[in-house]
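Presented below is the structure to which this report refers.
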Amino acid sequence: MRWTGRKLLFAALIGLLYIGGCSSKNSTTEQQESSQEQPKEIATSYPAPFTGEQLTEKRENRSIVATINNHPLARPQSGIADADLIYEFMAEGEVTRYLALFHSEIPDQIGPIRSARDYFVRLAEGMDAFYIAHGYSPEAKKLLDSGTVDYVNGMQYDGTLFERSPDRKAPHNSYISKEHITQAFETTGASEKISKMPVFSFLNPEDSDKIGDMASSVIVSYGKNPNFSSTYHFDEETNRYYRSVNGIDTVDKLNERRVELANVIVMEMDHQTVDQEGRQAIDLHSGGKAVLFHEGIAKTIEWENIDGFLTPLEQGLPVKLTAGKSWIHIVPSISGPSTSVTYTP
């Protein structure tokens with residue numbers, strides 16, 4: 001059979017189309033095989049050691065604890081909405097003071113910063129936290145001078161690392177910024193990496209704890225002064241407690257954000273008045289009774305000092321807290337949780 005030029009051209013075109021189809025088919029098959037071979041990316045999260053909340057990146061920074069003024073003239077305080085934990089202690093008489101722990105987030109400003117007490121220093125030591133204060137009691141100064149903790153104090157850095165706010169009067173106006181905290185680590189040569197982790201335990205996100213007495217409203221008092229009596233109201237929608245003092249909501253001065261708490265814990269400890277100022281010696285080591293409020297319920301528990309951390313326990317094991325921030329009241333054993341705390345369904 002003779003092949004004309006037109007027939008040859010037609011045969012060539014058919015051949016090209018056939019080769020192209022095979023190539024396209026092979027390419028599609030290769031893409032499918034390649035797609036099947038590659039594993040799917042799994043989102044990784046890391047539980048925050050002090051809150052149990054899931055973070056997108058692992059935080060290995062050292063925790064910071066700061067003594068924060070709780071005088072009515074010092075309110076609202078700055079940075080407290082970002083604190084993982086806030087411990088509220090008696091400082092003198094019925095006046096309380098906060099020891100705020102920051103790890104998951106470091107706010108742009110913290111304060112007003114107030115003076116150290118020996119039990120603040122001891123708690124910072126136990127947790128290997130970097131300690132921030134402005135001033136000190138005689139016992140606290142001895143501990144600081146002996147190198148018990150890595151720290152920075154406004155007595156040595158007033159006007160440099162610590163700044164005075166013009167809208168408040170001393171001693172209610174000393175603040176430290178996030179930038180100056182970084183400088184404080186550099187100035188003191190302190191390690192910036194966390195070395196000790198708490199043994200706290202947290203509920204899984206899909207779990208809840210409803211074993212206990214209903215507690216939608218909680219009041220924690222340190223005496224008869226309403227300025228140091230905390231009221232907590234539980235919100236079922238957010239599963240959080242919101243705090244107020246003497247009818248005023250506890251908010252963060254930096255952003256007017258209300259402090260949201262997953263857990264409110266009251267721990268009973270032996271207190272002893274040690275001077276005419278009413279300063280206290282507080283037993284952080286012997287353990288004792290405690291009450292946990294979370295998920296809208298109240299639960300009687302205990303606490304122990306485990307490797308430097310004040311750890312809430314239930315039947316000898318770390319109690320499962322709700323993931324989130326916690327407010328921890330330290331109350332005198334002479335009154336104890338039973339008389340310092342009232343709650344209603």
Side-chain angles (χ1 to χ4, degrees), residues 48-51 53 55 57-70 74-89 97-117 120-136 140-141 143-145 147-168 170-198 252-255 257 259 308-309 325-326:
F50 296 96
T51 67
E53 294 180 315
L55 305 176
E57 60 182 20
K58 191 173 183 179
R59 299 298 303 271
E60 296 184 337
N61 54 296
R62 192 176 186 182
S63 57
I64 295 164
V65 292
T67 298
I68 296 182
N69 194 337
N70 188 36
R75 302 170 189 163
Q77 295 93 340
S78 296
I80 58 174
D82 287 322
D84 290 5
L85 308 172
I86 293 183
Y87 300 89
E88 185 168 353
F89 286 87
R97 199 163 287 177
Y98 304 157
L99 188 71
L101 183 145
F102 300 91
H103 182 259
S104 302
E105 297 289 339
I106 309 299
D108 292 334
Q109 186 184 62
I110 301 173
I113 304 296
R114 202 64 171 90
S115 60
R117 294 290 182 267
F120 293 158
V121 179
R122 288 298 186 194
L123 193 52
E125 176 192 18
M127 297 186 291
D128 191 37
F130 187 82
Y131 180 49
I132 299 170
H134 193 144
Y136 24 66
K141 189 175 188 304
L143 292 173
L144 295 174
D145 289 344
T148 301
V149 292
D150 292 328
Y151 76 97
V152 66
N153 196 288
M155 295 295 284
Q156 288 77 47
Y157 297 98
D158 196 355
T160 53
L161 296 180
F162 292 75
E163 297 175 311
R164 298 283 185 172
S165 170
D167 62 349
R168 291 179 176 176
H172 312 302
N173 65 346
S174 178
Y175 294 82
I176 189 167
S177 66
K178 183 177 182 179
E179 179 184 356
H180 286 163
I181 291 172
T182 300
Q183 291 181 21
F185 274 98
E186 296 171 355
T187 300
T188 60
S191 171
E192 296 184 43
K193 195 166 185 177
I194 192 167
S195 65
K196 291 183 71 175
M197 294 287 191
D252 193 317
K253 188 175 186 293
L254 290 180
N255 45 33
R257 218 166 84 216
V259 172
F309 294 92
K325 304 177 189 303
S326 298

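Any value given below was found using the heavy atoms of this structure, including those in side chains, with hydrogens, waters and symmetry copies removed.
Residues F130 and T188 form a side-chain contact, since some pair of their non-hydrogen atoms from C-beta on lies under 4.5 Å apart. Two residues are said to be in side-chain contact when any heavy atoms from C-beta on lie closer than 4.5 Å; E125 and L143 fail this criterion. Side-chain contact check for S326 versus L85: some heavy-atom pair is nearer than 4.5 Å. Between Q156 and L161 the shortest side-chain heavy-atom distance does not fall below 4.5 Å. In this structure, the side chains of N153 and L144 come closer than 4.5 Å at one or more pairs of heavy atoms. Within the 4.5 Å cutoff, no side-chain heavy atoms of S104 are placed close to those of F50. Side-chain contact check for Y131 versus V121: some heavy-atom pair is nearer than 4.5 Å. Proximity of M155 to H134: side-chain heavy atoms (C-beta onward) are separated by under 4.5 Å at one or more points.
Taken from CG in D128 to OG in S191, the straight-line distance is 7.5 Å, to the nearest 0.5 Å. One distance of note links CD1 of I80 with CZ of F102; it measures 8.5 Å at 0.5 Å rounding. Taking OG of S177 as the reference point, atom CD of Q183 lies at 7.0 Å (rounded to 0.5 Å). Atom CG in D145 sits 7.0 Å away from atom OH in Y136 (nearest 0.5 Å). Between T67 atom OG1 and F89 atom CZ the span is 9.5 Å, to the nearest 0.5 Å. Of the inter-residue distances, the one linking D82 atom CG with R257 atom CZ reads 5.0 Å to the nearest 0.5 angstrom.
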Apply side chain to side chain contact (heavy atoms under 4.5 Å, CB included) to residues I64 and H103 and explain how you reach the verdict.
CA-CA 7 Å; I64 295 164; H103 182 259; over 6 Å; no
Between E192 and N61, does the side chain to side chain contact (heavy atoms under 4.5 Å, CB included) criterion hold? Intermediate values first, please.
CA-CA 6 Å; E192 296 184 43; N61 54 296; over 6 Å; no
What's the verdict on side chain to side chain contact (heavy atoms under 4.5 Å, CB included) for I176 and Y157, showing C-alpha distance, side-chain angles and the deciding distance?
CA-CA 10 Å; I176 189 167; Y157 297 98; over 6 Å; no
Applying side chain to side chain contact (heavy atoms under 4.5 Å, CB included), run through I181 and I110 and close with a yes or a no.
CA-CA 10 Å; I181 291 172; I110 301 173; 3.8 Å; yes
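Considering all non-hydrogen atoms of both residues, D252 and A81 come closest at OD2-N, 3.0 Å. Here the closest non-hydrogen pair linking P107 and L254 is CB-CD1, 4.2 Å. Here the shortest heavy-atom pairing between A74 and P112 reads O-CD, 3.5 Å. Closest approach of A124 to V65, counting heavy atoms only: CB-CG2, 3.6 Å. G308 and L123 get closest at one heavy-atom pair: O-CD1, 4.0 Å. For A100 against A83, the heavy-atom pair with the smallest separation is CB-CB, 4.2 Å.
Identified under the salt bridge (Lys or Arg N to Asp or Glu O under 4.0 Å) test for residues 147-158, with sequence neighbours left out: R62-D150, D158-R164. Pairs passing the salt bridge (Lys or Arg N to Asp or Glu O under 4.0 Å) check and including a residue from residues 102-116, sequence neighbours excluded, do not occur.
Every residue two or more places apart in sequence or in another chain that forms a side-chain contact (heavy atoms from CB on, under 4.5 Å) with E57 is listed here: R59.
K196 contributes a side-chain N or O that, together with a main-chain N or O of G126, makes up a donor-acceptor pair within less than 3.5 Å.
With Y175 as reference, R168 is the one residue of Q77, E163, R168, Q109 to meet the side chain to side chain donor-acceptor pair (under 3.5 Å) rule.
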